[in-house]
Amino acid sequence: MKQTAELTGSARFIELEERYGAHNYHPLDVVIAKAEGAWVWDVEGKRYMDFLAAYSAVNQGHCHPRLIKVMREQAERVTLTSRAFRNDQLGPFCEELTSLTGFHRVLPMNTGAEAVETAIKAARKWSYTVKGIPADEAEILVFDGNFHGRTTTIVGFSSEEEYRYGFGPFTPGFRLLPFGDADAVEAAMHDRVAAVLVEPIQGEAGIVIPPQGFLRRLREITADHNALLVVDEIQSGLGRTGKLFAYEHEGIHPDIVIIGKALSGGMYPVSAILADDEVMGVFNPGDHGSTYGGNPLGAAVAREAMKVLVEEDMVQKSADNGAYFLEKLQAVASNHVKEIRGLGLWIAIELNDQAGGARRFCEALQEEGLLCKETHSTVIRVAPPLTIGREEIDWAVERIAKVLTTL
Ligand SMILES: *Cc1c(COP(=O)(O)O)cnc(C)c1O
């Protein structure tokens, strides 16, 4: 192997990362040095369309000028106060987020996994202090194929062996049920169930869309059994599916909504849970927190990221352009394809088992200037920034069609 110093360009950065970084990812070998909107450029200056959008964290498009401006201005004023003191961004952030979403209150954190942990703590504490479940006996129902993050508690209730292996012992109090099966949830209900935790559409599992009416049934079942419905909208929320939240497709109001990723438009980690007074009221000073949670830099950027989403009509664009994109893709005839499904700008191209895996298609698409990431071994996920236009979609469809029909 060549010495790192002799390597140049992308090869050098890849080598440095491989040699000095932990190997907890298997990225495509593209080294991005610059980005704008739906486009990124590698170290050599080759341009690609970004079809992952950082797992939907850059719904607003890369390096949105309004977000950069706010980030810069806020960074020059004050970035971190901790919650030991107050700052002039957190209050307006909470007010604006509640008026956008219709919930009473916000609890800000940083990463998605932290917000999921926060929701678990809220649900458990509610179940002991409001519902009256005996101490330490609360159960939370979760689903096969779930992805809620990477902390030890969260991977403990994953159904993916790869996420769990070697990380036990795990936190008890979770039970896995088949995704999309409301009858199984009904049957699993008992008086010590605190909550049902669900992704409206399972992103990491391969953009798995449950049967219509599933969330509505979960809402009814949890209400009937005095349990909370906790919806993880970290990836599905903030416009990805053509609604602000994916649960709106079923017209329900959950008890807790978990958001992250696009909440800050890819600038900075900002996550939160949303809930009404009865649930959020379980938190008292001292029982939960985070040094960076609710910091003025993150809050200022998230305020602007929400405004950009609304003022640039990105949610409706996601619905319209997503339908257009899906129709164009479904018209591509390829015997590698098992199914193409999606909602908004969240589309899965599921390949046949004989297609030889999604990875080689993603590598071929990379050659064509399109960056996709396979999810599991047979699904190509299409999730561009919501700013993508019809011409860009046509450009992409041409290339996807070429790869699907020639590989
Ligand atoms: C990404 C994601 C998470 C975890 O978010 P992190 O910021 O990576 O911790 C949780 N739930 C869902 C549905 C996600 O897509």
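Start at 1 and go down the list; that is how both ligands and their atoms are numbered. Here the structure is a predicted model, which is why all the values come from computation and not from measurement.
The side-chain tip of Arg399 points at the ring of Trp395 from less than 6.0 angstrom away and within 45° of straight on. A cation-pi arrangement is present between Arg390 and Tyr324, with the terminal nitrogen or guanidinium carbon under 6.0 Å from the aromatic centre and inside a 45° cone about the axis.
The aromatic ring centres of Tyr247 and His253 sit 6.0 Å or more apart.
Ser271 places a side-chain N or O within donor-acceptor distance of the main-chain N or O of Asn110, the cut-off being under 3.5 Å.
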Validation: residues 24-41 side-chain donor-acceptor distances under 3.5 Å, sequence neighbours left out:
unit_1 : atom_1 : unit_2 : atom_2 : d
His26  : NE2    : Arg359 : NH2    : 3.4
Trp39  : NE1    : Glu392 : OE2    : 2.8

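Considering only heavy atoms from C-beta on, Cys372 stays 4.5 Å or farther from Arg381 through its side chain.
Near ligand 1, heavy-atom contacts under 4.0 Å come from Thr111, Gly112, Ala113, Phe147, His148, Gly149, Glu199, Asp232, Ile234, Gln235, Lys261.
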